[in-house]
Amino acid sequence: MKVCLYSALLGLLTGWALPTQAQTPVDSARARLQTQQERTQAAEQVLAAQRRQTAASRATAAETEAALKQQRRDLQTQKRQLKDQQLAADDDHAREKLARDQVRTEKARTRDQKKQLRTGSPTP
């Protein structure tokens with residue numbers, strides 16, 4: 001559509017429009033006025049098409065920007081969730097290590113008690 005409008009405008013500007021046979025100077029002036037009005041109308045149509053295209057481009061840019069902002073928010077949420085999961089995993093690992101240490105301590109105590117029972121020495 002844009003190309004068609006440009007072609008029409010170019011045709012009018014370069015004189016491709018069919019000349020009219022002017023009978024009098026008034027007819028000649030009317031013909032020039034008609035030609036100028038057609039050129040003006042063609043230029044207005046091109047301008048309107050360009051404005052619609054600009055508006056569509058701006059709307060697309062705004063949608064893209066909104067989508068990008070949403071992606072950034074989602075990414076920040078995911079980062080926070082990952083950090084929370086890592087902290088929970090670290091806490092779980094620390095509790096597991098503490099539990100292993102307690103099991104090791106209890107096993108050592110049990111061994112010591114069994115050894116003391118076998119040897120007959122007093123328990124501390």
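Hydrogens, waters and symmetry mates play no part in the numbers below; they use all other heavy atoms, side chains included. Computed from a predicted model, the values in this text were never measured in an experiment.
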| said: Testing the 3.5 Å rule here: is there a donor-acceptor pair between the side chains of Gln34 and Glu38? | reply: yes

| query | With Thr110, which residues qualify under side chain to side chain contact (heavy atoms under 4.5 Å, CB included), at least two apart? | reply | Lys114

| query | Thinking salt bridges, do Asp92 and Arg95 make one under a 4.0 Å N-O criterion? | reply | yes

| message | Contact between Leu75 and Gln78 at the side-chain level, heavy atoms closer than 4.5 Å - yes or no? | response | yes

Compile the donor-acceptor pairs under 3.5 Å between side chains in residues 56-65 and protein atoms, sequence neighbours left out, one pair per line.
residue : atom : partner : partner atom : Å
Ser57   : OG   : Gln53   : O            : 3.0
Thr60   : OG1  : Ala56   : O            : 2.9
Thr64   : OG1  : Thr60   : O            : 2.9

| request: Tell me, please, which residues at least two apart from Thr77 pass side chain to side chain donor-acceptor pair (under 3.5 Å). | output: Arg80

| query | Roughly how far apart are Arg109 CZ and Gln116 CD, rounded to 0.5 Å? | reply | 11.5 Å

| field | Gln71: partners by side chain to side chain contact (heavy atoms under 4.5 Å, CB included), with sequence neighbours left out | value | Leu68

| query | If you measure from CG on Leu98 to CD on Gln102, what distance do you get to the nearest 0.5 Å? | reply | 4.5 Å

| field | Residue list, side chain to side chain donor-acceptor pair (under 3.5 Å) with Asp101, at least two apart or on another chain | value | Arg104

| At what distance, to the nearest 0.5 angstrom, does OG1 of Thr40 lie from CG of Leu47? | 12.0 Å

| said: Are the side chains of Gln85 and Leu82 in contact, using a 4.5 Å heavy-atom criterion? | reply: yes

| message | Less than 3.5 Å apart, any donor N or O on the side chain of Gln70 or Arg73 sitting next to an acceptor on the other? | response | yes

| field | Non-neighbouring partners of Glu96 that pass side chain to side chain donor-acceptor pair (under 3.5 Å), sequence neighbours left out | value | Arg100

| query | Would you say the side chains of Ser28 and Arg32 form a donor-acceptor pair under 3.5 Å? | reply | yes

